[in-house]
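Computed from a predicted structure; not experimentally measured.
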Amino acid sequence: MKRRKLVLISLAVVVVIAALIFGVARHNKTQAEQAIQARNAKVDQTLTAIRAQHKKNVALKDDAKRLQALANLETRSEAYSLRADRKQPVIALYKELINKEKTYFTDKNQKSLKKNKLTDDQLKDIKKKDLQAKLAGLNALTDVLNTQRDIVYNDKNFKTLSTEIQHLSERYAERLRQMTQDEGQASQTAESSNTASEVQGQQDQTDQSASGQSAETGQSGNVGNGQTGTGTSSGGYGYNNTWNSWYAPNNNGGNSGSVTDNSGAGTTTTPNADNSGTGTGASDQGSSTGTDGGNQSSSATGNTGIDGQVSSGADGTNP
């Protein structure tokens, strides 16, 4: 009887101990699960917060602000990766979003480079103002890259892209220099041509003026007896007869000469009694005009000498 009681008491102790062990184990498991859930919840919260911030960054219209947001994202990612309680899902999300933002900037820069990139044939045919715009676009892209250097690009990628842009810029600048030089030469040629045209025009005007004076050569005006007359002849002679035999050639062909009581190339200082010479009598006197190179005279009242011949005597007969 006593032995049976001892057995029952032993079994009861075993059950109690087992129950205690099971209860403790279950409690520990529950706490562990709760801790895991708490950690997962915290990770989820972190992931949600990161995604929400990235969504705001993408909505930014100003690339400078968006670039700064990317820089902040990289800073937070580096700080989280150094934490003791870091979680791989969070690290992975940071990396994914950073790569997406970098791709946004690199794609935009590549589009800008493609827009301003010219082949050799295009560079030969492009207009100066269009080439200036292309060069300005490359310069602007260079400024953008300098601001993105430590955020979007690593050293190798930055150097590769910068070298390509620099090479294009140098080619464009050289082509613009050639265009400017060609324009200067063309302008000098045009100015030389205009100057030559002006000189030729002045020479033509001079030639026309000389021709106009020559066209008047050989004409003579009619003057009254005892008055001053102006006549022109070319190589003609003034000739007075009966009392004087004087003549003087007109060496200035086509120029007008002024004579007293006579006309022609020469000048008679003493009138002849028969008023011989070129000109018109005062009253009822005729006049005769000789052709260039001939001698001519006018007789006294009512008599007229013959053109191109010398007349003498009161009746104006020709010898």
- Message: Using modelled atom types and a 3.5 Å cut-off, is there a donor and acceptor pairing between side-chain atoms of Q122 and backbone atoms of T119?
- Response: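 Yes.
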
- Task: Examine distances only and state if a side-chain atom of S112 and a backbone atom of K108 form a donor-acceptor pair shorter than 3.5 Å.
- Result: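 No: the side chain of S112 does not pair with the backbone of K108.
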
Regarding [X] and [Y], is there a side-chain donor-to-acceptor distance under 3.5 Å anywhere?
X: Y104; Y: D63; answer: yes
X: D182; Y: Q178; answer: no
X: Y94; Y: N99; answer: no
X: Q148; Y: N109; answer: yes
X: N146; Y: D143; answer: no

Distance (rounded to the nearest 0.5 Å) between [X] [atom1] and [Y] [atom2]:
X: R51; Y: T46; atom1: CZ; atom2: OG1; value: 11.0 Å
X: S81; Y: Q88; atom1: OG; atom2: CD; value: 10.5 Å
X: L138; Y: K134; atom1: CG; atom2: NZ; value: 9.0 Å
X: T106; Y: E101; atom1: OG1; atom2: CD; value: 10.5 Å
X: L73; Y: I50; atom1: CG; atom2: CD1; value: 7.5 Å
X: L131; Y: L176; atom1: CG; atom2: CG; value: 4.0 Å

Are any non-hydrogen side-chain atoms of [X] and [Y] less than 4.5 angstrom apart?
X: Q45; Y: T48; result: no
X: Q110; Y: L161; result: yes
X: D107; Y: K102; result: no

Minimum heavy-atom separation for [X] and [Y], please, with both atom names.
X: K159; Y: T163; value: O-OG1, 2.7 Å
X: A69; Y: L60; value: CB-CD1, 4.4 Å
X: Y172; Y: N116; value: OH-O, 2.7 Å
X: L145; Y: S162; value: CD1-OG, 4.3 Å
X: D85; Y: K42; value: OD2-NZ, 4.1 Å
X: L168; Y: K117; value: CD1-CG, 3.9 Å

- Would L47 and K87 satisfy side chain to side chain contact (heavy atoms under 4.5 Å, CB included), going step by step from the backbone distance to the final call? CA-CA 10 Å; L47 296 175; K87 301 301 177 182; over 6 Å; no

- Are V144 and L113 connected in a single hydrophobic cluster, I mean Ile/Leu/Val/Met/Phe/Trp/Tyr linked by side-chain heavy atoms less than 4.5 Å apart?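 Unlinked, L113 and V144 end up in two clusters.
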
- Single-linkage hydrophobic cluster, 4.5 Å side-chain cutoff, I91 and L97 together: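 Yes; tracing contacts between hydrophobic side chains, which count when under 4.5 Å, links both residues.
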
- Message: Would you say NZ of K128 has more than 12 non-hydrogen atoms from neighbouring residues, nucleotides or ligands within 6.0 angstrom?
- Response: yes

- Residue that, paired with R175, satisfies side chain to side chain contact (heavy atoms under 4.5 Å, CB included) out of T180, L118, L123: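 That would be L123.
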
- Message: Let's go through L70 and F105 carefully: what are the C-alpha distance in whole Å and the side-chain angles of both, what is the deciding distance for side chain to side chain contact (heavy atoms under 4.5 Å, CB included) to 0.1 Å, and is it a yes or a no?
- Response: CA-CA 10 Å; L70 173 59; F105 287 106; 4.1 Å; yes

- Item | Derivation of the side chain to side chain contact (heavy atoms under 4.5 Å, CB included) call for L67 and D62 | CA-CA 9 Å; L67 181 65; D62 188 347; over 6 Å; no

- Task: Quick one: do E174 and R171 satisfy salt bridge (Lys or Arg N to Asp or Glu O under 4.0 Å)? Show the steps, please.
- Result: CA-CA 5 Å; E174 175 61 21; R171 290 176 58 210; over 6 Å; no

- Should the pair K95-E74 be classified as a salt bridge under the 4.0 Å nitrogen-to-oxygen rule? no

